[in-house]
Amino acid sequence: MKLVTGPVFQTLKSFTRDATQLMKPISTISILESSLQKCQRPNQFLQVHAQMITSGFVKDNFAASRLLFFSVGCLFFDLSYSHQILFQIDVPNAFTWNTLMRAYIWRDSPQFCIPLYSLMLGSDSVPDNFTHPIVIHASAIRSSEVEGKQIHAHVKKFGFDSDVYVLNTLINMYSVCGNLYDAQLLFDSSPVLDLVSWNTILAAHVKAGNVNEAIRIYDQMPEHNTIAANSMISLFGRFNCVNDAYKIFDEMKARDVVSWTAMISCYEQSEMFTEALVMFSRMRTEGVSLDEVVMISALSACTKLCATRNGEVIHGLIIRNGHESYVNLQNALIHMYSSHGNIVAAQQLFDFCSFLDQISWNSMIAGYLKCGLVVEARALFDAMPSKDVVSWTTMIGGYAQHDQFMETLELFNEMQVGPIRPDETTLVSVISACAHLSALEQGKWVHAYIKKNSIDINIFLGTTLIDMYMKCGSVETALEVFNGMKDRGISAWNAVISGLAMNGLVMESLERFADMENSGVLPNEITFVGVLGACRHAGLVDEGRQHFKSMQQTYGIQPNVKHYGCMVDLFGRAGLLKEAEEFMESMPMTPDVATWGALLGACKKHGATEIGEQVGKKLIELEPQHDGFHVLLANIYASTGRWDDVMKLRGTMRKRGVMKIPGCSMIESNGVVHEFLAGDRTHPQMEKIDKMIEEMTWRLKTEGYQPDITDVAYDIEEEEKETTLYRHSEKLAIAFGLISTFPPTPIRIMKNLRICGDCHEAAKIISRAYQREIIVRDRQRFHHFRLGLCSCTDFW
DNA sequence: GTAGGGTTAG
């Protein structure tokens with residue numbers, strides 16, 4: 001709304017000046033009414049006002065109140081103009097004051113009602129039976145019980161306390177302000193109750209979620225009516241009591257669109273989306289007229305059910321019923337189409353929508369992200385007129401969901417510059433990006449940010465923090481977070497169990513699992529992925545077998561492909577190749593790539609070249625594009641000196657365009673994540689790193705290190721093989737770590753593949769020679785190197 | 001001037 005205070009009065013003045021000469025003064029009610037009716041533009045209205053001033057008719061109480069009544073409905077004028085009209089009346093009556101107060105509520109400014117009411121009392125006007133309900137309503141909107149209580153006192157003083165209308169408004173005010181006690185007290189002591197009183201007190205209990213109290217009132221009320229029944233349906237809906245809700249719905253004499261909407265939404269809250277849609281079509285067969293609210297619920301069910309066709313039908317209904325300009329409905333449609341992958345339809349809606357709100361923009365960005373169009377999402381994000389915390393979170397989270405973790409952190413840093421503060425949801429994405437990047441410093445910074453701003457560490461945030469610290473190798477801090485959480489939830493336990501295992505603390509992990517069982521939290525599928533993973537890391541074959549059995553027998557959890565994969569890996573690593581193979585054959589589902597890979601890896605580790613070759617060949621047939629299988633098979637060939645086969649395999653890879661994913665190690669230094677590829681020379685500090693590698697090599701040799709060249713699958717000279725080894729990405733990262741950080745800071749490295757045997761050996765020796773802790777997180781787990789030993793006890 | 005339904009964005 002535009003404020004036109006200044007110019008309005010200027011115009012009014014000039015009109016008044018002119019009016020004396022040019023226009024007939026208005027001096028009767030009938031002329032006034034007809035002149036006001038004809039007003040199309042603000043200036044015409046001002047002319048009428050001017051004409052009344054010249055005639056002095058403006059002082060007439062009734063005439064002025066008519067003028068005032070029209071002025072508040074005219075959005076071109078600020079209410080201060082209407083105020084002015086009121087002040088020109090000598091003794092305005094209650095109706096006039098009421099009109100202005102109601103106008104303030106209508107224009108979203110209820111805060112001006114009480115001051116106006118005080119002015120009214122200060123003048124000689126006396127409130128009528130309409131005045132207090134308006135002021136009470138204003139307090140209710142503002143949730144100001146203090147104000148409401150004051151007006152309540154006035155109600156008593158003026159003797160309106162047996163006016164049922166006033167009383168109902170008071171009951172509603174107390175309920176809205178959360179004071180159910182006084183609402184009930186008022187209701188109980190009231191001498192005059194009508195149906196609205198019953199509906200109001202019922203609504204109060206429904207709002208507060210007092211199921212038993214609401215049922216009691218509903219049963220007691222003199223007459224069941226549609227509004228009360230609708231409230232009850234919605235209450236039962238909220239508590240997932242579908243049957244109770246349906247009973248009420250079924251027994252209703254007269255159902256309206258609200259009843260149907262409440263029932264549909266009740267099904268949705270219990271995730272019974274098909275039933276919701278059935279209700280919707282029943283409603284249509286019964287000829288109930290549809291409004292925009294019920295459409296939203298129906299659309300939501302279609303979205304959840306992926307019922308594209310139904311959604312399109314509803315879209316048609318929306319257009320036919322003329323609801324398409326309703327922005328919330330537009331947004332729901334955008335959401336539905338993009339959730340179903342129809343980004344074109346979503347975009348058309350967005351482009352042709354006449355009115356877009358914040359949610360429209362946010363939904364469209366989320367829609368692009370859901371359809372994998374990250375670049376488009378970012379373009380829209382950059383173009384949007386204003387960004388709120390959801391916009392930022394959507395985009396930041398979108399990067400994280402699409403594995404673009406560097407971008408996640410960059411955008412988060414950009415967000416810091418602006419005025420919008422991140423909330424729990426934003427931080428979850430950011431922390432998870434830190435976990436993926438092993439960016440411990442950044443992760444710690446975010447944790448400190450959370451503490452500093454006293455952001456509530458909820459289940460999600462806590463779990464993500466635990467996961468991040470575990471994945472960065474900071475077991476202690478992870479456990480601190482866990483211990484500090486009030487509400488843990490299964491995911492926090494899972495994060496701890498798999499985190500400990502991943503960090504080589506297998507016994508601790510299994511102990512935590514036992515704690516969890518004892519504390520009465522029921523494990524789920526993911527828990528057992530962690531538990532079996534723990535057994536696998538330590539080669540605990542028997543324990544693994546036991547847990548695999550108990551997950552089914554004690555907890556009734558059917559093992560999924562991941563659990564089977566774990567077991568195959570567990571057997572394979574332990575050298576029980578026969579059992580691993582048999583286990584695979586017993587799987588009720590097709591083994592996934594990881595399971596086959598585990599078997600192949602086991603063959604390689606235990607020198608089962610023949611089975612390995614068979615499995616490898618089979619795998620390459622199954623997954624001709626998978627680089628890892630080619631590499632493993634090549635390594636199996638290489639280990640027996642079959643260089644011809646190695647070369648052949650490399651030829652096939654070339655032909656098929658299979659690229660070996662290069663080893664890549666990351667290390668964070670001063671909050672910046674540095675990336676090294678195997679053989680990489682692109683780092684700006686390459687010269688220094690080279691020197692360090694040279695020194696490292698020399699130190700390693702004097703410490704008795706023998707390069708392990710068995711995994712170098714090239715038919716090249718031994719010396720060259722050694723050089724290749726020295727330029728493995730993790731060695732480059734270690735070298736960089738040694739020059740860019742200082743003791744006792746551990747060197748933390750994350751590698752995309754599994755660490756190779758040679759680098760493992762070298763890291764052990766470096767940790768002793770340089771007195772530096774080295775923590776390597778590879779694709780599978782952690783290796784904490786300290787004083788020449790590794791936490792994995794060389795079993796990995 | 002009082003009482004009932006909803007959801008769409010992370």
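What you see is a predicted model, and the numbers here were worked out from it, not measured in a lab. First the proteins, then the strands, lettered A, B, ... as listed; each starts at 1.
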Counting any heavy atom closer than 4.0 Å, what does S197(A) reach on the DNA or RNA strands: base, sugar-phosphate only, or nothing?
nothing
For a quick check of understanding: with a heavy-atom distance under 4.0 Å over all strands, which category does D357(A) fall into, base, sugar-phosphate or nothing?
nothing
Tell me what D256(A) touches on the nucleic acid: a base, only sugar-phosphate, or nothing, going by heavy atoms under 4.0 Å.
base
Can E312(A) and T308(A) be counted as having a side-chain donor-acceptor contact under 3.5 angstrom?
no
Beyond-backbone contact of L333(A) with I318(A), side-chain heavy atoms, under 4.5 angstrom
yes
The first and last nucleotides of DNA chain B lying within contact of chain A, meaning any atom under 4.0 Å from one of its heavy atoms, run from dG1(B) to dG10(B)
With a 4.0 Å cut-off on heavy atoms, is N328(A) in touch with a base, just the backbone sugar-phosphate, or nothing at all?
base
Looking for any heavy atom pair under 4.0 Å, which part of the strands does N225(A) touch: base, sugar-phosphate only, or nothing?
nothing
When you check the side-chain N and O atoms of S429(A) and Q401(A), is any donor under 3.5 Å from an acceptor?
no
Touch check for T261(A), heavy atoms < 4.0 angstrom, all strands: base, sugar-phosphate only, or nothing?
base
Geometric cation-pi criterion, R378(A) with F381(A): 6.0 Å, 45°:
no
Touch class at under 4.0 angstrom, heavy-atom based, for Y326(A) against every strand present:
base
Reckon I359(A) touches a base, only the sugar-phosphate, or nothing at all at heavy-atom distances under 4.0 Å?
base
Considering every strand and a 4.0 Å limit on heavy-atom distances, what is the contact class for T393(A): base, sugar-phosphate, or nothing?
base
Hey, does D423(A) reach any base, or is it just sugar-phosphate, or nothing, if we go heavy atoms under 4.0 Å?
base
Using a heavy-atom cut-off of under 4.0 Å over every strand shown, decide if T425(A) touches base, sugar-phosphate, or nothing.
base
Tell me, yes or no, whether the heavy-atom count around W106(A) atom CH2, taken from other residues, nucleotides or ligands under 6.0 Å, exceeds 12.
no
Would the F160(A) and H154(A) ring centres measure less than 6.0 Å apart?
no
So what does K370(A) hit on the nucleic acid, given a heavy-atom distance under 4.0 Å: a base, only sugar-phosphate, or nothing?
sugar-phosphate
Answer with base, sugar-phosphate or nothing: what part of the nucleic acid does V257(A) contact at a heavy-atom distance below 4.0 Å?
base
Within the 4.0 Å heavy-atom criterion, would you say V389(A) contacts the bases, only the backbone, or no part of the nucleic acid?
base
State whether the number of non-hydrogen atoms from other residues, nucleotides or ligands found under 6.0 Å of D250(A) atom CG is greater than 12.
yes
